[in-house]
Amino acid sequence: MAVERYNPKESEPKWRQVWNERKLFETRNDDTRPSYYVLEMFPYPSGRIHMGHVRNYAMGDVVARYKRAKGFSVLHPMGWDAFGLPAENAAKANKIHPREWTYANIATMRTQLQSMGLSLDWSRELATCDPSYYRHQQKMFLDFLKSGLVDRKTAKVNWDPVDETVLANEQVIDGRGWRSGALVEIRELTQWFFKITDYGQELHDALEGLTRWPEKVRLMQKNWIGRSEGLLIRFALESNTFGQSELEIYTTRPDTLFGAKFMAIAPDHPLAKAAAARSPELQAFIEECKRTGTAQEAIDKAEKLGFDTGLRAVHPFDPSWTLPVYVANFILMEYGTGAIFGCPAHDQRDLDFVNKYGLGNIPVVCPEGVDPESFVITDTAYVEDGRMINSRFLDGMTIPEAKEEVARRLESETRGNQPVGTRKVNFRLRDWGISRQRYWGCPIPIIHCADCGTVPVPDADLPVKLPDDVSFEKPGNPLDHHPSWKHVACPNCGKPARRETDTMDTFVDSSWYFARFTDPWRTESPTDRKVVDRFLPVDQYIGGVEHAILHLLYSRFFTRAMKATGHAGLDEPFAGLFTQGMVVHETYRAEDGTWVEPGDVRIEANGSERRGFHVETGAPIEIGSIEKMSKSKKNVVDPDDIIASYGADTARWFMLSDSPPDRDVIWTDEGVQGAARFVQRLWRLIGEIAERTGNSVGAAAEFGEAALTLRKASHRALHAVGADIERLGFNRCVAHIYTLTNAIAKALDGAAEEAALSSDMAFALHEAATIVTQLVAPMMPHLAEECWHALGQPGLVGEASWPVADAELLRDDSVTLPVQINGKKRAEVTVPADADTVSVEAIVRSSQAVIKALDDRPIRKIIVVPGRIVNVVV
RNA sequence: GCGGACGUGGCGAAACUGGUAGACGCACGAGACUUAAAAUCUUGCGCCCUAAAGGCUUGCGGGUUCGAGUCCCGCCGUCCGCACCA
């Protein structure tokens with residue numbers, strides 16, 4: 001009778017081989033069924049997969065397998081985000097070519113991923129470092145260029161002195177390079193840009209429609225794009241000292257114009273430069289600003305500093321009112337016009353500034369219910385709602401009214417045939433600088449000719465391939481100091497010219513891989529419009545929040561750019577987005593403070609107290625806080641070890657079971673063991689059922705109470721698990737499966753004494769076993785195949801359709817309602833499920849328990865919530 | 001500083017649109033089987049006071065409601081994002 005233990009080491013590779021042989025997960029582009037595209041963010045081939053990958057891909061696989069069972073043509077591909085700096089760092093450190101290093105890592109990680117039993121279509125595998133991929137990226141770069149979506153301009157860039165490369169703004173964190181951690185310097189370079197700002201408005205507005213994205217991500221993108229409505233105002237300068245007669249500013253608060261106390265311009269504003277030419281002191285001040293520029297200010301909350309240029313600007317509503325013009329360290333040239341008017345009463349920065357230089361302030365917005373005479377601003381600017389005061393024709397207006405009035409007046413006023421004021425929508429978002437002075441990236445397909453300028457590489461010459469023979473001895477870009485690579489003839493005039501030696505930001509690579517997956521074999525163009533438009537958008541995209549802004553925003557832009565150039569037909573690449581939580585683990589430290597790996601720690605539990613000891617030395621180990629798994633804190637668990645000792649199914653099950661998927665999950669030994677125990681328990685139950693019921697079980701005409709109870713449990717679980725997979729509530733799915741398993745065990749236990757099973761119970765048990773196998777299949781696919789086989793089911797569970805719950809069995813004939821008296825539960829009544837309010841009331845009134853609890857108090861009112869609860873008010 | 005999310009037993013958590021708080025799992029306690037252990041099974045498990053009955057309980061304080069973990073207001077705490085964006 002004893003069922004043999006389930007052995008994942010034998011079963012798992014066996015079933016994977018069967019799936020492969022039958023090409024179960026390969027998706028045909030000519031499949032006519034409705035498609036469903038599940039995608040997890042593709043990994044960087046760093047060397048080995050980690051638990052974060054396991055969690056990410058386990059989640060995606062549940063969705064993919066479930067949707068496949070639901071009859072969709074599921075696209076679930078995998079590839080490699082294979083360009084990037086670590087390959088070059090490895091090249092420097094280990095004298096290994098980046099390509100070799102990358103492909104070796106890919107090979108390792110592919111094997112690891114395959115051991116997880118993921119339902120991936122490996123025939124579509126791609127690596128972004130492969131010329132067959134990046135040639136299309138080069139083609140699209142040139143198409144974008146033709147369509148005016150690419151710009152080449154000098155720009156101040158963030159220069160990482162350690163990595164010797166340019167960083168995007170987004171890659172600078174607290175003034176330091178996101179990867180190297182080095183203090184970033186500002187340099188001026190000529191760079192290639194994608195004109196993402198052309199789509200600022202659209203990228204902003206379309207967020208509204210991304211209803212299957214986390215609110216958090218949409219908000220982060222919205223803030224990043226930073227749309228604001230305001231007014232450009234041209235202030236006349238009192239004297240034309242530096243060949244400029246006016247100063248244009250941008251403001252979102254034109255209503256506060258009568259509270260203006262000063263003007264301020266950025267240290268690199270043209271007017272500041274002009275003024276500095278005549279003033280060594282100002283020149284020195286500007287230099288000072290540059291030095292304190294990027295890094296320190298965030299840390300030190302830099303003091304507001306200014307330098308009076310001596311210039312005076314004329315107030316647009318009063319020619320006799322002039323304002324001093326300062327160069328100020330807190331004004332950014334990159335935003336607006338690099339110049340502002342300062343209204344200290346209603347802007348904290350401006351207030352700090354005037355308080356430092358003794359310029360005073362005039363409040364012009366007074367809170368409702370406060371006497372304007374006594375309303376004084378000292379240290380805290382007033383930025384809330386109110387009515388206009390001290391503002392001549394604006395007095396008494398609300399802020400929006402005043403804004404409108406100022407805009408209207410300044411728009412209609414002209415100076416030199418131009419309106420003084422212009423409404424303007426401004427964005428915080430900047431263009432996307434894609435040039436990187438690196439080797440291991442996609443070459444930018446441009447040739448620089450002294451006569452013809454920048455010349456696109458002709459289509460026929462694509463791809464521009466990276467040369468293999470490069471050296472990483474010298475700092476800087478190996479492409480640049482390669483002896484011959486950059487020397488070519490100009491495609492236009494044939495004269496000697498040189499290649500662009502910059503390569504593209506790797507975020508470009510990941511901005512369209514999801515589109516390439518739809519037809520990765522295609523050679524003549526990046527995509528096949530028919531195919532790409534059929535599969536895209538991705539129905540469910542899953543990855544970490546760390547990509548909430550960069551990768552997702554770039555991809556949204558790139559998809560639009562692909563539409564503009566005819567490579568795709570849609571705007572939004574990801575219809576559904578899910579950001580999963582991290583895998584965290586306890587940390588352990590030895591007495592000397594060094595971190596200790598979990599494998600070297602033995603935990604002894606004594607009641608609720610836990611103490612750690614070193615496995616070998618027995619020395620006490622301090623159990624520390626729970627942190628994200630990281631090599632530096634050594635609190636990592638290697639997926640390979642887990643899969644080797646427990647099997648992939650156990651690892652997957654545990655990753656899905658404990659926490660809601662968007663929250664962090666704590667990896668614990670006890671948790672994995674619990675998962676492993678469940679694997680055996682389920683196998684044992686299925687085995688017993690298979691043994692006792694045999695493989696073919698006919699339907700019974702009637703069901704006894706025990707059998708009916710089990711059937712109801714099966715169909716309820718089926719219903720609930722389906723609904724929860726749709727909501728990505730994997731932890732809830734697991735709970736439902738446990739509940740059903742308990743019900744099966746109970747039924748089996750009840751039937752244990754009987755020599756032969758009654759036919760109704762045999763049917764119910766076999767049905768329950770089949771259903772639980774199918775419910776478990778998306779999460780533990782190998783075990784499910786083994787169970788499926790044991791139950792004598794035909795074919796593979798991996799190709800079976802999702803069962804349909806019997807609505808009859810989801811219904812109950814009678815329900816037990818709690819009865820509250822004044823909101824406290826005092827009794828229960830059992831009533832027919834379809835009982836109406838009146839009859840429930842009658843049953844409640846006559847219930848002995850209720851009468852007792854009422855204790856002679858008169859009933860004032862009875863509230864019946866059908867199927868839910870009864871509340872008696874006395 | 002600005003913006004956002006969250007706060008439920010010893011722990012991870014459930015509770016769909018307000019309707020029996022704590023499903024399910026982990027840990028732990030008791031018991032069975034065993035020479036013993038592991039595995040497995042049975043059983044208990046929010047807190048307080050109990051002989052029983054009761055009372056209290058979703059970070060804290062108010063409010064709305066017949067009824068609040070859920071809605072509203074004000075605090076406290078934790079985490080995340082942005083950070084001189086005019």
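These numbers were taken from a predicted model, which means no experiment stands behind them. A, B, ... follow the sequence lines: proteins, then strands. Residue 1 opens every chain.
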Please tabulate the protein-to-nucleotide N/O contacts below 3.5 Å involving nucleotides 63-66 of chain B, giving atom names and distances.
unit_1	atom_1	unit_2	atom_2	d
B/C66	O2'	A/N871	ND2	3.2
B/C66	O2	A/N871	ND2	2.4

Glycosidic class, syn or anti, of B/G9 using a 90° window around 0: syn

Value in whole Å for how far the C1' atom of B/G4 lies from CD1 of A/I549: 13 Å

Nearest-Å distance once atom P is located in both B/U42 and B/U78: 44 Å

Of the listed nucleotides B/G12, B/A86, B/C24, the one nearest the side chain of A/I666: B/G12

Residue pair A/W213, A/F578: steps toward the ring-ring contact (aromatic ring centres under 6.0 Å, His included) verdict: CA-CA 7 Å; A/W213 279 41; A/F578 187 84; over 10 Å; no

Among B/A15, B/U20, B/A86, the one nearest A/Y335 by side-chain distance: B/A86

Span that lies between the C1' atom of B/C73 and that of B/C11, in whole angstrom: 33 Å

Residue-phosphate contact under 4.0 Å: A/N731 side-chain N/O, B/A14 OP1/OP2: yes

Distance in Å, A/L359 CG paired with A/F262 CZ, rounded so as to fall on 0.5 Å steps: 7.0 Å

Paired nucleotide for B/C56 [Watson-Crick or G-U wobble; both distances under 3.5 Å]: B/G46

Stepwise salt bridge (Lys or Arg N to Asp or Glu O under 4.0 Å) test for A/E248 and A/R234: CA-CA 4 Å; A/E248 189 174 46; A/R234 294 157 57 222; 5.4 Å; no

Rounded distance (Å) that lies between atom P of B/A83 and atom CZ of A/F330: 18 Å

Sidechain N-carboxylate O distance under 4.0 Å for A/E688, A/R684: no

Rounded distance [0.5 Å steps], CD1 in A/I737 versus CD1 in A/I771: 12.0 Å

Sugar-phosphate, base or nothing in reach of A/N742, heavy atoms under 4.0 Å: sugar-phosphate

Short side-chain N/O contact from A/R428 to OP1 or OP2 of B/A83, under 4.0 Å: yes

Candidate nucleotides B/A86, B/G12, B/C26, ranked by approach to the side chain of A/D658 - the nearest: B/G12

Touch class at under 4.0 angstrom, heavy-atom based, for A/R681 against every strand present: sugar-phosphate

Distance test, side-chain N/O of A/R826 to OP1/OP2 of B/U20, below 4.0 Å: no

Protein-nucleotide distance (A/Q348, atom CD; B/G1, atom P), rounded to Å: 11 Å

B/C84 base / A/K304 side chain donor-acceptor hit below 3.5 Å: yes

Sugar-phosphate, base or nothing in reach of A/I331, heavy atoms under 4.0 Å: base

Interatomic distance, A/M220 CE vs B/C80 C1' [rounded to whole Å]: 8 Å

Salt-bridge contact A/K746-A/D749 (side-chain N to carboxylate O under 4.0 Å): no

For A/T650 against A/V679, the heavy-atom pair lying closest together: OG1-CG2, 3.6 Å

Residue-phosphate contact under 4.0 Å: A/R663 side-chain N/O, B/A5 OP1/OP2: no

Closest listed nucleotide, where the reference is the side chain of A/W224 and the choices are B/U20, B/A83, B/C24: B/A83

Cation-aromatic face contact A/R428/A/W224, 6.0 Å, 45 degrees: yes

N or O in side chain of A/Y738 less than 4.0 angstrom from B/G25 OP1/OP2: no

Sugar-phosphate only, base, or nothing, as touched by A/S657 at under 4.0 Å among non-hydrogen atoms: nothing

N/O (side chain, A/R732) to phosphate O (OP1/OP2, B/A15) under 4.0 Å: yes

Short side-chain N/O contact from A/R677 to OP1 or OP2 of B/A27, under 4.0 Å: yes

Residue mapping more 5' on RNA chain B - nearest nucleotide basis, A/A339 or A/V870: A/V870

A/S228 side chain to A/Y335 side chain, donor-acceptor N/O pair below 3.5 angstrom: yes

Closest-nucleotide ordering on RNA chain B, the 5'-leading residue of A/K825 and A/G336: A/K825

